[in-house]
Amino acid sequence: MADSPIRVRFAPSPTGPLHMGGVRTALYNYLFARHHGGTFVLRIEDTDRTRFVEGAEEYIIEALKWCGIEPDEGVGYGGEFGPYRQSDRMDMYIRFVDQLVANGHAYYAFDTPEEIDAKRKAAEEQKEVWQYDATTRNEMKNSLSLPSEEVESHLVGGSPVTVRFKMPADEEVVFEDAVRGSVRISTKVLDDKVLLKSDKMPTYHLANVVDDHLMRISHVIRGEEWLSSTPLHVLLYRAFGWEAPTFAHLPLILKPTGKGKLSKRDGEAGGFPVFPLEWTDPKSGATASGYRESGYSAEAFINMLLMLGWNPGTEQERFTDDEMIKSFSLDRVVKSGARFNPEKARWFNEQVLREQSDADLAAQLKPLAEERNLNLTDEQLLMVVTMMKERSAFLHELLAADYLFNAPESFHEKTVKKKWKEQTPAIMAELMVVLEGVEPFDEATVESEFKAFLEKKELGFGAVGPGFRLLLTGEGGGPSLFAIAAFLGKEETLRRMQVGLEKLNTNG
């Protein structure tokens, strides 16, 4: 399909919240479409009704919107190739199944699940593996092994019936993968997959291929877990007489440590999200954290996902939306699994935060301050941002220094032991007299008068600064002392110094 218009799709199943690996698949499809001036389609694959979860489809759509991954067509967006929800397309699958049966590429199977399980158990007892394939199908109850009269009797009599694909007995299926190159798999290891279940619902394999063809999908970009299903899909395209799309299978996102795919359990154990948005299970009521609610910006989240499995070929790690679209190509997607690093995710958010202007951050911070009943002026919000920006990775961390809003109740024990000397109370009392006369009480003036005080008293910063900080914040470190004092104002600065002196003197 090299000369056809670029059309890609993201086709999640509404069986629960959208994993960050699913978001990355959507992102790569979206970027590929945008890079080539193509179309990005959202299709909901909800044929597995036993695993359907209420609210999951709405969650998927909201998550993509938050990430800025906007489909051109699909559920909630319309388009000329709809409907885009598989449960709304049921009638069309039956005729394609009938077509495969008629041309000998599929057959009816009447075996019960119990009969198939019995075959598997018997093989296990012999330490063998059994599957429904070219070597076993003639032993089973199907339209290939039974007399035509008996087949007709089953079909007319309403016996439970599935339709299976007739896998070639001994053939090497070869296809080109845009990420992995040439892939070869022997049909000897493949079974006769069910295409239509006994409840007349199509399986993923059938519906996926039919929909991709009818929606004119040119490139199927999906997770590595579907690589083993691709030979069947290639054979289905051939059986229908259709040209197959280009396949590209993305690497797994791996656990931070150890082996295996990143899971919800890893997030719970490590204290980090694996879902874009918070999710509450409709049955259990259990809640799983989301990147949005944890304070991550969509921009940081998307940048982090971009780099989990794609290499730009340069040292660049931060990309604008336009840079992502311009730079993205499938030939730079890596083959091996991409290990997730929670600290790197935090780093991306930190970079996005620091790239914003202080004024923009102050405006974003205002609602958070109001939620905490902090009555801060716009000027004070700007001062908080200036002090805390280089110490924060998340917007909410700009308000993390409680001493900015509440006087300290206790004092950092190690700093008191090391820095609060016998002469410190007297020095602090003298500094208070100096500060009382400072006008205007802004950062620059406070710093200037403080340094003049040190010079006059012939004292080093270490003899005065740590004690001053202890009285104002209770801590041994933090933002500029002079910025803190200016933020607190003269009255509160002097009050804290007086109260702190009394507390530390009382404590000996």
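We're numbering straight along the sequence, starting at 1. Only this structure's heavy atoms are used, side chains among them; waters, hydrogens and symmetry mates stay out.
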Show me, pair by pair, the donor-acceptor contacts under 3.5 angstrom made by side chains of residues 419-426, not counting sequence neighbours?
unit_1 : atom_1 : unit_2 : atom_2 : d
K421   : NZ     : K418   : O      : 2.9
T424   : OG1    : K421   : N      : 2.8
T424   : OG1    : K421   : O      : 3.3

For residues 54-64, which side-chain donor-acceptor pairs fall under 3.5 Å, sequence neighbours excluded?
unit_1 : atom_1 : unit_2 : atom_2 : d
E57    : OE1    : R85    : NE     : 2.9
E57    : OE2    : R85    : NE     : 3.3
E57    : OE2    : R85    : NH2    : 2.8
Y59    : OH     : L277   : N      : 3.1
Y59    : OH     : L277   : O      : 2.6
E62    : OE2    : R292   : NH1    : 3.1
E62    : OE2    : R292   : NH2    : 3.1

Indicate the atoms forming the closest heavy-atom contact of K335 with P251, along with that distance.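 Here K335 and P251 meet closest at O-CB, 3.7 Å.
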Exercise: identify the closest heavy-atom pair between L306 and Y28: O-OH, 2.9 Å
If you draw a 6.0 Å radius around NZ in K490, do more than 12 non-hydrogen atoms from other residues or ligands fall strictly inside?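 More than 12 within 6.0 Å, yes.
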Those residues that, when tested against [X], pass ring-ring contact (aromatic ring centres under 6.0 Å, His included) (two or more places apart):
X    : value
F453 : none
F175 : none
F32  : H36, H219
F301 : W66, Y291

Check the side chains of Q498 and E502 for a donor-acceptor pair under 3.5 angstrom, ignoring hydrogens and angles.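 Short answer, yes.
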Taking atom types as modelled, is there a side-chain donor on H249 or R222 under 3.5 Å from an acceptor on the other?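 Yes, R222 and H249 have a side-chain donor paired with an acceptor closer than 3.5 Å.
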Side chains of D48 and S13: does their closest heavy-atom pair fall under 4.5 Å? no
Under 4.5 Å between any side-chain heavy atoms of D211 and Y93, yes or no?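 A side-chain contact under 4.5 Å exists here.
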From S289 OG over to E268 CD, what is the distance, rounded to the nearest 0.5 angstrom?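 Separation between the atoms: 8.0 Å.
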What pairs of residues pass the ring pair (Phe, Tyr, Trp, His ring centres under 6.0 Å) test when at least one of them lies in residues 329-362, not counting sequence neighbours? F272-F340
Pairs where residues 371-391 contributes a residue and the test ring pair (Phe, Tyr, Trp, His ring centres under 6.0 Å) is met, not counting sequence neighbours: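 Every candidate ring pair (Phe, Tyr, Trp, His ring centres under 6.0 Å) pair involving residues 371-391 fails, so no pair, neighbours aside, qualifies.
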Tell me if the centroids of the rings in F10 and Y30 come within less than 6.0 Å of each other. no
Residues that R49 engages under side-chain contact (heavy atoms from CB on, under 4.5 Å), provided they are two or more places apart: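 Counting only residues at least two positions away or on another chain, R49 forms a side-chain contact (heavy atoms from CB on, under 4.5 Å) with D46, F52, S87, M201.
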Pairs satisfying salt bridge (charged side-chain N to carboxylate O under 4.0 Å, His left out), at least one member in residues 29-38, at least two apart: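 Checked against salt bridge (charged side-chain N to carboxylate O under 4.0 Å, His left out) - neighbours excluded - the pairs reaching residues 29-38 are R34-D72.
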Side chain to side chain donor-acceptor pair (under 3.5 Å) partners for S284, two or more places apart: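 Side chain to side chain donor-acceptor pair (under 3.5 Å) check on S284 returns D281.
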Side chain to side chain donor-acceptor pair (under 3.5 Å) involving T287 - partner list, sequence neighbours excluded: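 So T287 forms a side chain to side chain donor-acceptor pair (under 3.5 Å) with T280.
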Relative to the ring of H233, is the ring of Y204 parallel (under 30°), tilted (30 to 60°) or perpendicular (over 60°)? tilted
